[in-house]
Every structure is written in structure tokens, then in C-alpha cells.
Amino acid sequence: MSQTGIRERAKSALQDPLLQQAVQFTTDRLRTRKANVTETFGRWQAWRDRGRDIRAHTIAHLDFYLQQFADNVRAAGGHVHFAADAEEAAQAIVDIAKKRRAKLVVKSKSMVSEEIHLNRHLEDEGVQVVETDLGEYIIQLAGETPSHIIIPSIHKTREQIRELFTKAGGENLTTDTKALTGFARRTLRTLFQSADIGVTGCNFGIAESGTVVLFTNEGNADMVANLPRTHVVIMGMERILPSFADLEVFSHLLPKSATGQNVITYMSCFTGPRRDGEADGARELHVVILDNGRSRQLGDADFQDILHCIRCGACLNVCPVYRQIGGHAYGSVYPGPVGAVLTPLLNPGPEYADLPYASSLCGACFEACPVQIPLHDMLVKLRRRHVAQGLAKRGERAAFRGFRLVFARAGRYRAIIRSGRLGQVLVARHGGIDARIGPLRGWTQTRRAPVLAKRSFRESWPGLRQELRQGNRPPAAGTEGAPAHETAVNKE
Amino acid sequence: MKVALFVTCLVDSLYPQVGEAMVRLLHQLGVDVDFPEQQTCCGQPAFNSGYWDDAREVARTLLDAFDPYDYVVSPSGSCCGMIHHYYPDLFAGDAQSRRRAGALAEKTYEFSQFLVRVLGVSDVGASFPARATYHPSCHGSRLLGVRDEPLELLRHVRGLELVPLAHAADCCGFGGTFAVKMGELSGAMVEDKVRHVEETQAQVLVGTDMGCLMNIGGRMAREGRRVRVMHLAQLLYEGTQAQHRREIVG
Amino acid sequence: MEEQAFLARIRERLGRQDGAPVAPYRRGAPEFWTGRSLSSADRVSTFVERFAQQGGQAWVCPDLTDLHNRLEGLLRDLAPPAIGVWGGDTLKEFQIDGLLARFTVLRWGEAPAKSFADTHVGITGCAAAIADTGTLMMAADAWRGRSVHLLPTVHIALLHARQIKTRLGEALPKPGERVPSSLHFVSGPSRSSDIENDLSIGVHGPAAVYALVLAGRAT
Ligand code: SF4
């Protein structure tokens with residue numbers, strides 16, 4: 001829960017050059033790699049179309065596929081729990097932990113577990129929880145939350161990581177990547193063996209077989225799922241694919257979009273717990289399926305598509321806002337463009353109503369999205385919803401009513417421009433506005449604002465038209481002057 | 001062919017010279033545009049801020065203004081993008097207006113699009129000996145699909161050295177009211193853009209949307225940079241004038 | 001929440017009736033993708049190349065003798081204190097028992113599962129391999145423990161050239177087919193880029209993966 005608004009949080013993030021440097025370096029690399037791998041792979045748009053079609057179909061028939069999935073998980077010997085909200089989901093997992101008398105839970109990366117604040121719930125019951133994804137491990141040691149969907153520790157430098165690991169018991173560690181990952185491997189290996197429960201997320205649930213599919217690079221999820229006695233899967237209810245055939249599509253879309261990898265290192269498909277005669281794998285499999293505001297999006301033409309999201313993080317990597325402020329400034333579990341849409345949808349009300357305004361609506365997210373979710377349109381529609389719900393500021397409402405009064409009638413508009421020119425005489429200097437107070441201060445703090453032209457286009461139009469009609473040779477360009485700020489530059 | 005100019009409120013009130021350059025250039029190419037005066041603004045500021053009712057009333061000025069024309073041409077990819085991409089949503093509740101909006105979208109072209117796709121012109125005969133770089137506007141490229149047309153026109157300008165802009169497709173941070181509402185954030189974005197422009201060592205920054213150019217130019221002016229900021233129409237028109245002069249001199 | 005209430009809410013939001021049929025849709029990969037297939041020679045060479053791109057190393061062995069030489073050479077270099085292998089007859093066709101006699105060998109199904117945590121090399125077969133992505137498909141059962149290839153530092157997979165498919169879709173279970181409890185698709189060694197986007201290998205899973213592809217007919 002955040003006390004401040006996105007604007008204040010963004011402001012403080014902007015004053016953290018280390019954060020910006022780290023985020024920009026990594027997102028640049030990820031997006032370049034993505035561009036390269038999709039280019040080599042070819043026909044990316046056709047893959048995106050197929051991805052969107054499959055997701056749209058699945059979500060439109062989610063009741064059917066979810067039922068099929070649950071039935072097949074049970075047929076394979078697993079247990080299924082349905083949770084209406086975060087509280088129910090966390091409680092279901094706490095109950096399993098209690099029943100198993102669990103002391104230690106190991107986890108692999110799961111955004112949904114963050115969404116339900118699982119660690120806090122388990123720790124409140126005296127259960128130790130250890131994150132085993134390297135990035136999650138780092139931020140758990142730092143007592144922070146993930147700042148990127150795919151790379152939770154994107155904001156951490158190796159020096160900061162060395163300090164955290166040293167505090168956690170790593171002696172004489174250097175900042176060498178090998179030394180740091182070596183420490184994590186040794187430390188976590190012993191924990192995998194002694195943990196009572198392993199908790200993972202779920203990238204896709206295959207309805208036709210009741211299979212839970214995980215995409216990972218490190219292999220920690222396999223340790224978490226296979227070594228402890230009990231494997232608990234926590235998944236958003238939308239994370240379904242009808243068939244293995246569809247998984248082939250996402251085996252390309254997901255890793256290529258997320259990190260620019262041609263293929264994920266480990267794609268792990270669990271169908272039920274270990275079977276008779278098998279000597280490893282969890283003996284018990286639980287799948288917790290979470291709603292938590294998702295079903296509210298169904299049937300809503302404006303927002304249903306947000307459930308198509310496969311959490312690849314590609315929209316973060318291309319977002320010009322995310323690259324400036326990183327993930328924490330969003331103040332919620334899901335950062336970046338997808339977070340700016342998803343968070344207020346899952347948590348309606350004033351708390352996150354300002355997130356959709358943290359966007360210039362440039363559309364880079366939509367362009368990057370492997371399933372073509374129109375995030376930029378959704379941001380506008382969320383703003384509209386907030387206005388309709390009366391969550392917008394009163395002054396703003398008045399301003400746009402004024403806008404309408406003026407701009408809906410050409411005559412009024414013309415008159416206003418004329419009087420505006422009079423008004424700005426007071427603030428304009430050298431052909432531009434630099435005053436850093438007043439309604440434009442957001443702009444003028446960093447930029448010069450232009451002034452109204454001496455004669456608007458519509459005022460010069462009659463003369464221009466006449467001149468061209470008479471076939472006069474057009475005068476040399478530039479006599480009307482260059483853009484205001486440019487004139488200002490020349491004068492200074 | 002009856003062609004109307006949709007000048008946009010920004011160009012009308014702040015940058016009339018852009019509209020004028022466009023009209024003059026089209027005139028040279030044999031297209032005489034008309035300027036129906038009922039037009040004001042596409043409604044985007046209100047629309048993007050969530051005030052759709054207000055936006056709709058303003059947008060109607062365009063439906064009325066451009067009804068009698070075969071083509072509408074505009075110096076803004078963003079405003080054309082608004083018409084193409086968002087008018088169907090904006091007028092969703094009103095079948096008749098929606099039809100009119102659809103008809104408007106079909107005949108509305110951004111300036112470079114109009115030259116290349118409608119007139120079939122990629123060489124306007126301009127000459128402009130300078131080092132220039134091009135910033136594509138987000139809405140022009142992503143909502144409207146104008147990607148290659150401006151570059152094609154620029155490639156045909158004699159003497160123009162077109163240098164690629166790093167992270168060209170990244171938003172400059174304008175975003176209409178975003179630039180005021182999230183001023184610091186928008187300021188950080190435009191700083192990056194200006195840095196990339198400077199790295200090109202270009203003398204001229206060219207664009208197809210005065211929103212972006214006002215933003216980038218405003219930042220450069222604050223920093224006292226001497227990069228000339230021009231709309232594509234200005235560069236092309238001035239280029240033809242230079243050509244003209246040279247022919248006279250030569 | 002009760003399951004049927006949970007699903008009913010979804011149905012209601014979607015405006016669907018209980019038991020309403022599912023509309024047809026375009027399933028699986030695009031046709032231009034499913035329609036292509038590589039010749040058997042190309043499958044092998046593509047697999048070897050992509051497997052290397054993923055950070056593994058694969059060799060094509062013309063016959064068993066060559067495969068044995070390769071394996072022996074690898075094990076000589078690695079000098080593993082303990083080797084884990086699949087159990088039962090699963091690797092019989094590769095005839096490696098003699099070669100392994102000099103080493104401490106733990107066989108899946110015989111040695112306790114937990115003891116595989118101390119193996120340095122794991123030797124396995126695979127259920128299939130995928131040329132497109134340089135991937136090994138591992139399917140678990142009583143003799144094919146998951147730990148054998150997951151826990152050691154080095155994983156060596158033995159396979160026949162004919163096991164290599166062109167694309168993933170050919171290896172995935174078909175509708176109605178019995179799906180193993182664990183299907184594990186492995187493409188190269190374990191990796192992480194979580195520290196300043198600097199790639200590091202062998203974070204949790206094996207740090208090295210080798211594949212010995214036996215060409216020609218199996219015995
Ligand atoms: S919205 Fe699209 S790009 Fe963003 S995380 Fe989801 S699937 Fe990926």
C-alpha cells in the first residue's frame with residue numbers, strides 16, 4: 001500500500017541516478033536482444049496474431065477450460081483450491097503448511113505470490129520462507145519487493161549485491177558474478193533438500209491434461225517443485241491454455257519477448273505429483289487458482305483483454321516511463337505499463353487511480369506486447385472511468401469544460417486566441433515562456449513554453465488564399481519566422 | 001479533387017508558419033487546399049484525459065468542417081491518429097456520428113502520407129544542404145502507421161545528410177497533458193531525447209508533429225542549444241525555395 | 001471459495017451457459033510452422049548447432065565405439081567422484097556399463113534418491129530432442145529420475161539421431177495421450193542474468209550439458 005502518489009514516487013526515483021542507470025542498461029539490452037531474436041525467427045507478426053487469437057479464445061471460454069484443467073489436475077492426483085481473493089489464497093496455502101507442519105518453505109519466482117503477500121502470511125505463522133530465484137533471493141535479503149516482472153533485482157548493482165550476500169554469511173566475496181552466484185548456489189542447495197514445501201507460480205496451465213508449466217532459466221523452480229515433499233502452485237485463473245499444441249506457440253512468444261532468448265533453458269511440465277514407483281518429484285501437488293478481481297474484467301469489452309497477458313515484461317522493457325523511474329515507483333506488485341493498467345483494474349478505488357496517468361500514451365507497450373494487448377487504449381479508458389467515477393480533480397474537470405466551451409465553437413476559439421495573446425504579454429520574454437510558476441510549471445520547469453503566434457493561421461488564411469489564387473510567386477519561406485523557441489534561441 | 005487542410009489547434013495558434021509552408025508546398029504540387037473555418041481541434045487533450053463528452057463536442061467541429069471534401073490533410077500524425085484510431089470509440093454510442101467519423105477517417109491523411117500515398121510524390125524537388133535527424137512521432141508511427149513516408153521524402157532532398165537518431169522510436173515525453181501533469185517525468189524523458197539528438201550532431205531536427213517538436217525544441221531552447229527544429233513541411237518548402245533561388249541565380 | 005460458485009461467476013461475466021460448447025479456434029502454431037520439416041540429416045546438424053548456441057556441446061557419433069570414446073574422454077577430463085545414471089535397462093542399448101566400471105556409480109531406482117545430490121555427473125538418455133531449439137526432452141518414470149539430470153554439475157545425455165524432431169510441437173503430448181508426471185525440456189546449462197544482466201552459468205541446475213548423438217540404426 002502506498003501513501004504517496006505516483007507523481008511523488010516518480011520524482012524521488014528520478015533523483016536516483018544509480019537506479020536509472022541500472023534499469024536503462026538492462027532494459028536496453030533486453031529490448032535489443034528481443035529485436036534481434038524476433039528478426040531472426042521471422043514472421044513475428046503472424047506469431048503475435050496466433051498468440052492473441054489463442055489467448056482471446058481461452059479467456060472467452062475460461063469457465064470451460066478452467067473446469068477441464070481442474071478435473072485433469074485431480075485426475076492426475078493433484079488437489080485444486082479455488083480462491084476468490086488474496087486472503088483466501090494465502091489462507092489455503094497457510095492451511096497446507098500447517099497440515100504439513102512446515103518449518104521451511106522454498107519458493108521460485110511468482111508474481112501472484114507477491115500479489116497475495118504470501119511470504120508475510122507464512123512468516124506470521126512462524127514458517128521460514130526463502131526465495132530461490134537469484135534475483136528474488138537478492139531482493140528478499142534487501143527486504144524489498146521486485147521492481148521488474150522478469151528481473152526482480154534489475155535495480156541492484158553488483159556492489160549492493162555483494163554487501164547483501166556478505167551480510168547473509170558469504171565471506172570474502174568479490175563482486176565477480178561467478179563468486180556471487182556460487183554463494184547463492186551453495187546456500188540454496190542445502191535449503192532445497194531440507195524444505196518441507198516448495199511454492200511455485202505457473203506460466204501456463206494446460207487444460208487438456210491438467211499440466212502446470214513453468215518457464216525458468218536457473219533451474220531453481222525444478223528444485224523447488226521436485227525436492228520438497230509438497231509442491232504448491234499458485235496461479236492467476238487466466239493462466240490457462242487449452243492444449244499442448246498451443247504451448248508450442250507460447251514457447252516461442254514468451255522467452256523471445258521476455259529476454260530475447262530463442263528458447264527458455266527449462267520448460268517444466270508437471271502433471272500431478274510423482275507416480276507409483278517414482279523415487280523423486282513432490283508426493284503431493286496443490287494448485288491454488290486465484291480470482292482476486294480478475295473475473296470482474298470478463299465481459300468488459302474495454303478491459304477483458306488484459307487477461308490475455310502472459311507476464312513477459314516486454315512492455316516494461318520498451319516503456320520510456322519505466323526506464324526513467326523503475327518498478328517501485330508504481331507502488332504496486334505489477335509495474336510498468338501492464339501494472340499501470342492491471343493494478344487499478346484489480347484494485348478499483350482511489351488508491352491506484354493515478355497510475356494510468358503515468359504514461360505519455362506513446363503506444364510502445366502495445367507494439368512490444370506478444371499478444372497485442374492495447375495497453376495504451378486501456379490507459380485512456382481507465383482515465384475515462386476515473387473521470388466518470390468522480391476520482392479526477394475538480395479543477396481539471398472545470399478546465400476541460402472550459403476547453404469544450406471554447407473549442408466546440410470556432411468563433412469562440414478564435415476570440416480566445418486573440419485575447420490569449422494579450423494575456424501572455426505579461427509572461428513571455430524573448431519569444432517564449434520561462435516562468436516557473438503558474439499552471440504550466442510542470443512544463444516550464446524543464447522547458448521553454450512557446451507563445452501564441454502574432455497571427456494565427458486562420459487569421460492569415462484569407463490573405464494567403466488570395467495570394468495563391470492570384471498566382472503570385474510565393475515569397476521566400478521563413479519570413480513568418482521559425483518556431484517561437486527557435487527564434488528565442490537565436491536571440492539569446 | 002477537393003482537399004481540406006486540417007491545420008490542428010497547435011499549428012493554428014502557435015506555429016502558423018508550418019501550416020503556411022504546407023499550403024504553399026501543396027500549391028506548388030498543383031493541389032489547392034481549402035481551409036474550412038469551423039474546424040478547431042480533434043479533441044485529443046480532453047479525450048486522453050478521460051473527458052470524452054467534452055472531447056466529442058469538440059471533435060464534432062471536424063465532422064462538420066470536413067464533410068464536403070474528398071481529402072483532409074494535416075500536419076500532425078497525432079491528430080490524424082486520433083481521428084483514425086479513437087473516433088470510432090469516441091462516437092460509439094451514436095451510429096450516425098460514428099458513420100461520419102468513419103468517413104472522415106477514411107479520407108484523412110497526415111502530410112507525408114498524403115504526398116507519398118495519395119499524390120505519389122516522394123521528391124518535391126527540394127534542396128537543403130544540412131545535417132539533419134528525424135524524430136518519428138509515437139502517434140504518427142504507431143497509431144497511424146506513418147513510418148517510411150517522411151524518411152522517403154527526406155531521402156530525396158538534395159544536399160540533406162540524414163543521420164539516424166539513437167532510440168528514435170522512444171517517446172520524447174510530450175504526451176499532451178502528461179507533460180504538465182507529470183512534469184518532472186516528462187522532463188527526464190525529453191532530456192534523454194535531446195541528448196540523443198545532440199549525439200547526432202545534426203543542425204536540424206525534423207519531425208511531423210509540432211507537439212513533439214515543441215517539447216524537444218522547448219528543452220533545447222532552455223539549454224541554449226542551437227539545433228534548428230523544423231516540421232517536415234517547413235524543410236521541404238524552404239528546400240524548394242532554395243532550389244528556386246539557385247535556378248534564378250544559376 | 002467453492003469451485004462451482006467460482007466457475008459460475010466466470011460464466012455469468014462471460015454470458016455463457018453452463019455446459020455451453022466451445023467455439024472452434026485456430027489451435028497451435030501457425031501453419032507455415034507446422035508444415036515445415038527438416039530432413040533427417042538437417043535435423044541432426046541443426047540440433048548440434050543450436051545445442052551449442054544454447055551453451056551445450058553435442059557430438060554426432062557414427063557408431064557405438066565412437067560414442068564410448070567420447071564418453072570416456074569426457075569422464076577422464078571430468079574425473080567425477082560419483083556418477084548418477086538412469087536405472088534398469090534404460091541405457092542398455094548404449095552399452096556403457098563396462099566403461100563406467102572404474103567409477104562410483106549410483107543407479108536410479110537402486111541408490112537412494114537423496115544420494116544423487118552428491119553426484120557430479122549425471123548420465124541419461126532422453127525422450128526426444130528438438131532441432132529448432134537444441135532442446136532435450138526428459139520424461140520421468142520409475143527408472144528415469146528427475147534428479148539424475150537436475151542435481152549434478154554436469155549432464156551427459158545419450159540419444160539416437162532418430163529421436164531428434166524438427167520442432168517442439170512434434171515432441172509434445174498429443175490430445176488424449178498419457179502425459180508423464182514430469183516432462184522437462186532442457187536447452188543448455190542453467191543460467192541467470194540477474195546480476196547486472198551479466199550471464200552466469202550453473203546457478204542451480206547443471207553448469208555443463210553434453211549430448212552424444214548416435215547416428216544410424218540402433219542395435
Ligand atoms: S501486457 Fe503484453 S508485453 Fe506486457 S507483460 Fe503482459 S504480455 Fe507481456
Does the pair A:Phe457 and B:Phe35 meet the rule for a ring-ring contact (aromatic ring centres under 6.0 Å, His included), with working shown? CA-CA 10 Å; A:Phe457 180 85; B:Phe35 179 77; 5.1 Å; yes
For the backbone of A:Thr444 and the side chain of B:Arg222, can you confirm whether one donor and one acceptor N or O come within less than 3.5 Å of each other? yes
Could you tell me whether the side chain of B:Phe174 reaches within less than 4.5 Å of the side chain of A:Leu361, counting heavy atoms only? no
Could you check whether the rings of B:Tyr51 and A:Phe400 sit parallel, tilted or perpendicular, using 30° and 60° as the cut-offs? parallel
Answer yes or no: is there a donor N or O on one side and an acceptor on the other, between the side chain of A:Ser360 and the main chain of B:Gly175, under 3.5 Å? no
Rounded to the nearest 0.5 Å, how far apart are CD of A:Gln24 and NE2 of B:His167? 8.0 Å
Are side-chain heavy atoms of B:Leu143 and A:His376 found at a separation under 4.5 Å? yes
Sub-4.5 Å side-chain heavy-atom contact between A:Arg7 and B:Lys181: no
Under 3.5 Å, is there a donor-acceptor pair between the side chain of A:Arg404 and the main chain of B:Val58? no
Could you tell me which portion of A:Trp443 (side chain, backbone, both or neither) has an atom closer than 4.5 angstrom to a non-hydrogen atom of chain B? both
Is any residue of residues 78-88 of chain B within less than 4.5 Å of chain A by heavy atoms, and which ones? B:His85, B:Tyr86
At a heavy-atom separation under 4.5 Å, does A:Asp302 approach chain B through its side chain, its backbone, both, or neither? neither
From OG (B:Ser13) to CG (A:Leu452), nearest 0.5 Å: 5.5 Å
Is B:Arg147 salt-bridged to A:Glu367, going by a charged N under 4.0 Å from an acidic O? yes
Please look at A:Glu459 and chain B and tell me whether the side chain, the backbone, both or neither of the residue comes under 4.5 angstrom of a heavy atom of that chain. neither
Between B:Ser186 and A:Arg447, is there a side-chain donor-acceptor contact under 3.5 Å, judged purely by atom types and distance? yes
Where is the tightest heavy-atom contact between B:Gly187 and A:Thr446, given as atom of each residue plus distance? CA-OG1, 3.6 Å
Polar side-chain atom of A:Arg383 near backbone of B:Asn48 as donor-acceptor pair, under 3.5 Å: yes
Salt bridge (Lys or Arg N to Asp or Glu O under 4.0 Å) partner of B:Asp12, chosen from A:Arg455, A:Arg414, A:Arg458: A:Arg458
Output for pair (B:Glu191 CD, A:Leu14 CG), nearest 0.5 Å, gives 9.0 Å
To the nearest 0.5 Å, how far apart are CZ in A:Phe403 and SG in B:Cys9? 6.5 Å
Any non-hydrogen side-chain atom of B:Met182 less than 4.5 Å from a side-chain atom of A:Tyr357? yes
With the threshold set at 4.0 Å, does a side-chain nitrogen-carboxylate oxygen contact exist between B:Asp170 and A:Arg31? yes
